[in-house]
Structures are given as structure tokens and as C-alpha cells.
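Keep in mind that the numbers below use all heavy atoms, side chains included, and drop hydrogens, waters and symmetry copies.
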Amino acid sequence: MAIVVQRSIPGEELLAAILDSWPIVIFIGMSLSLSGIVMWALDNRKNSEEFPKFFPMGVFEGVWWAAVTMTTVGYGDKVPRSISGRLFGVVWINVGLVILAIFMGIITASLSSNSLEQVNNLYGMPVAVLNGSAEEQLAILQNAEVHVKPSYDELYKSVKNEETMLALVDIFSTTQHSEYYNTYKLYVATVLGEPVIYGAVLPKTSAALRSCFLSYQENHQLEIHEILEKFSKTKQYGGDNSSSGADYFDGNLFGYAVYGMFGLFLLALAVGLFWQYYPREKKAQEIQNRKAKQDVSKPDQKTVKTNLEVNGHQRNTSSNCGEHTERLMAAQSAELLAMEDELKAFRKNWEKNFRALQERHKQEQQRLFELDNLGYEM
């Protein structure tokens, strides 16, 4: 008997396995956050350059260090300097290795459970079988969740629509059903080597009973299936709920650990933000209060000082105005004289250069005339 299943997209099973492991991803995130806060608290006093004292930035650098250390990458850009920080680093390296090993093991187990190519038992699986076939009998004997179909088209369509996990068909019929496999994108995952023998032993002289039994079986197959389903208790196949990560948190130690880590993370975050921002605000408020008290206790001195400054300013206004005007006129006169001297110097220099240029031009003309008189071609 052949097991026919739906074709999967390359990488789909790996993605489904990772999504099935989302509780472990949450656990890893909580572990990274807590270890980053702890490292910042242990090392920020002696190593404020790599783990700044500013809480949000310091915790961010701590989480980065925890992620790099847990994956054994070790860039070396963040290194604990204090003794307590280094001891915690040794502990976190080993804890991180264990956490990653658990994560990889869960993904591997999920991939194995989702694969149907190694199936050798149909217990609890939703299986589509042809009505009245030997495959139906085998599925019932192995206590599967049987879905009886009247035709091969309905059989394969149930697998395509994910009504059932697989279809159980006769191995010799698979060679004639390539059209169904191409239409519904199915393939034969594996073959069950289970022989199925069924029958009834009757006396030789019970032809009427035999005929009645066969007639009843043929006309009441649905009732027979309902009776079998009623008295055969089938548990749900475990692989069908592999993506339900809520079972990790359903009253077990892992769920309590994740909840506890989440609570510790929120508590550490609240304490860090309170430590970072509350003292500064309180200190600033205290400084403002002190200044206000000083202003209230010394009003007379400020008033006297202000009055003195106003009187002195009124007295010195008239004298300062005259002196300022005189200095401004003297500076402007000096600038005008300097500009006039520069203009005279420029004019004298220009005339000198112009005369020199005229003299040189005259000498060159005389030289040309001499060369022409000597017979040189010009």
C-alpha cells in the first residue's frame, strides 16, 4: 500500500519547524535581555567606554555582547573588564551553548515529526481511503482517523485541500494515477508493507447466510463504519498540532521559567530607568529650590545694586557719547589718509612701469630695423 501526500515547497518544512519553536525564541530573547542588563550592571563602572553608564545605551551594548557571546562568534568589540563581569561571562558562555543546543534539537525534532517519508504506523493520523477497500480496513485496524471517499478524485482532493494528511491507496493503482498527482501536486512518500487479510468462516451448508451477510455488508457500509468509529477511540495525531506552541506554557516548568524571566526583565528595566532619570530630575529640582531661596533671602542687595548701576549709567551717558564720536571721526580720518597714500603709490608705480614698457618697445623696434638693413628676412 502506498502513502500519497502533498508536495511541499522547498524550505517550507524548515520554516514551519522554526515557527513551531516560537516559545524557545521567546525564551532566548528573555535570556539575552536579562544577561545584557546584568553585564551592564556589573561592568559599567570600570568599563564605561564599552558599556556606557546611560542605561538605554548601556543595556543595548550589553544585549549585543550577550548575543555575540551566546553564538560563540566573539567579535571582541565588547569585553568585560571587571572580575564580576568576566565571571558572569564564563557562566553565560556555557548557558548560551545549552540554549542553542536546545533550540537546534527542537527544530530537528520538528522536522522529523513533520516528515511523512518514514511513516510506518497510521495511528491517529487523518487518512483518506477508498470506500470498501483493503486500505480502509488497514486504517481501521491501525486506529487511524479514517475519511472514507467514494472515488479516487475525492480521495486525492481531500489531501490537496488538507482535509486529510495523506491518502492510502493500492500500490498498483499509483501507476495509473499520474494525472491526479500532477493536477493536485501529490507524490508517493513511502510504501507500507502491511499485508491485510480479512474474511468470515461459514459452514459449507450456509449459502443463504453467506448471501445475506454479503448483501448486508454491501448495503450498510456506512453504518458499519460508524459502529467501528464509535467503539474505536482514536487519539489525535501529535504531529497535527506541532505548530501549537501554547502547550509549552500550559502549567509546566518551562512556562513558569519564561514567565519568571519576563517579570525579571520588566523589573530590571523599570529599576534601570528609575535609576537613570529620577536622580537627575531630583537633583535639578533641588538646585532650582536653592536658587529660589537665595533670591528670596537677598532682595535688598539686588535692588541696591540695580539702582547704582542705573544712576552710574545716566551720569556717564553724556560724556561717553562725546568721546565715542571723537574717536570715530579720528579713525575715519586715518583711514582716508591711508587710502590716499595707497592711491598715490599705485599711480607712481604704474607710471614707472608704463615708461619702462615704452622704452623696451622702442629698443626692440630699433633692433628690428638694424637686422633689416643687414639683409635678414623679417
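- Qualifying salt bridge (charged side-chain N to carboxylate O under 4.0 Å, His left out) partners for Glu163, counting only residues two or more places apart in sequence or in other chains: Lys149.
- Remark: Ser215 pairs with Asn219 by the side-chain hydrogen bond (donor to acceptor under 3.5 Å, both in side chains) rule, at least two apart or across chains.
- Across every non-hydrogen atom of Ile37 and Leu269, the tightest pair is CD1-N, 4.4 Å.
- Scored by the side chain to side chain contact (heavy atoms under 4.5 Å, CB included) test, Leu87 finds Ile83 as partners (sequence neighbours excluded).
- Taking OH of Tyr216 as the start and CG of Leu209 as the end, the distance is 13.5 Å to the nearest 0.5 Å.
- In this structure, the side chains of Leu138 and Leu168 come closer than 4.5 Å at one or more pairs of heavy atoms.
- Cluster membership for Val271 and Phe60, using ILVMFWY side-chain heavy atoms within less than 4.5 angstrom, is not shared.
- Taking the six-membered ring for Trp and thresholds of 30 and 60 degrees, Phe55 and Trp40 have ring planes more than 60 degrees apart, a perpendicular arrangement.
- Listed by chain and residue number, Val4, Gln6, Tyr156, Val159, Tyr181, Tyr184 satisfy the side chain to side chain contact (heavy atoms under 4.5 Å, CB included) test with Leu186 (two or more places apart in sequence, or in another chain).
- Not a single donor-acceptor pair under 3.5 Å links the side chain of Asn44 to the backbone N or O of Gly58.
- Annotation for Ser33 and Val63: closest pair CA-CG2, 4.0 Å, computed over non-hydrogen atoms.
- Side-chain contact between Ile28 and Met70 is present, with heavy atoms from C-beta onward closer than 4.5 Å.
- Judged as a salt bridge (charged side-chain N to carboxylate O under 4.0 Å, His left out), and not counting sequence neighbours, the contacts of Asp153 are Lys157.
- At least one side-chain heavy atom of Pro80 sits under 4.5 Å from a side-chain heavy atom of Met39.
- Val38 pairs by the side chain to side chain contact (heavy atoms under 4.5 Å, CB included) definition with Leu42, Phe88, not counting sequence neighbours.
- When the salt bridge (charged side-chain N to carboxylate O under 4.0 Å, His left out) test is applied to Arg81, the partners found at least two apart in sequence or on another chain are Glu50.
- With sequence neighbours excluded, the residues forming a side-chain hydrogen bond (donor to acceptor under 3.5 Å, both in side chains) with Trp65 are Thr69, listed by chain and number.
- At a threshold of 4.5 Å between side-chain heavy atoms, the hydrophobic network of Ile, Leu, Val, Met, Phe, Trp and Tyr places Phe27 and Leu267 in two separate groups.
- Here the OG1 atom belonging to Thr164 is positioned 7.0 Å from the CG atom belonging to Leu155, to the nearest 0.5 angstrom.
- Here the shortest heavy-atom pairing between Ser35 and Ala66 reads OG-CB, 3.1 Å.
- Note that the OG atom of Ser84 and the NZ atom of Lys46 stand 7.0 Å from one another [nearest 0.5 Å].
- Grouping the Ile, Leu, Val, Met, Phe, Trp and Tyr side chains by contacts below 4.5 angstrom, directly or via other members, places Leu34 apart from Ile93.
- Side-chain atoms of Ser133 come within 3.5 Å of backbone atoms of Leu130 as a donor-acceptor pair (strictly under, hydrogens ignored).
- Judged by distance alone, the side chain of Thr71 and the main-chain N or O of Val68 form a donor-acceptor pair under 3.5 Å.
- Side-chain atoms of Glu135 come within 3.5 Å of backbone atoms of Asp170 as a donor-acceptor pair (strictly under, hydrogens ignored).
- Between His147 and Pro126, the closest side-chain pair of non-hydrogen atoms falls below 4.5 Å.
- The salt bridge (charged side-chain N to carboxylate O under 4.0 Å, His left out) contacts involving residues 56-73 comprise Glu61-Lys78, where partners must be two or more places apart or lie in separate chains.
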Pair His177-Glu179, side-chain hydrogen bond (donor to acceptor under 3.5 Å, both in side chains): steps then yes or no: CA-CA 5 Å; His177 296 163; Glu179 182 179 353; over 6 Å; no
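- Within the 4.5 Å cutoff, the side chain of Val127 has no heavy atoms near those of the Met165 side chain.
- More than 12 heavy-atom neighbours from other residues, nucleotides or ligands sit within 6.0 angstrom of CD on Glu351.
- The stretch residues 22-36 participates, sequence neighbours left out, in no salt bridge (charged side-chain N to carboxylate O under 4.0 Å, His left out) pair at all.
- The distance from atom CZ of Phe265 to atom CG of Leu32, rounded to the nearest 0.5 Å, is 10.5 Å.
- In this structure the side chain of Ile140 reaches within 4.5 angstrom of the side chain of Glu136, judged on heavy atoms.
- To the nearest 0.5 Å, atoms CH2 (Trp350) and CZ (Arg347) are separated by 9.0 Å.
- In this structure, OG in Ser151 is found 10.5 Å from CG in Asn131, a value given to the nearest 0.5 Å.
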Listing, residues 95-103 side-chain donor-acceptor contacts under 3.5 Å, not counting sequence neighbours, or none:
none

Donor-acceptor pairs under 3.5 Å, side chain of residues 354-365 to any protein atom, not counting sequence neighbours: which ones?
{"residue": "His361", "atom": "NE2", "partner": "Gln365", "partner atom": "NE2", "Å": "3.1"}

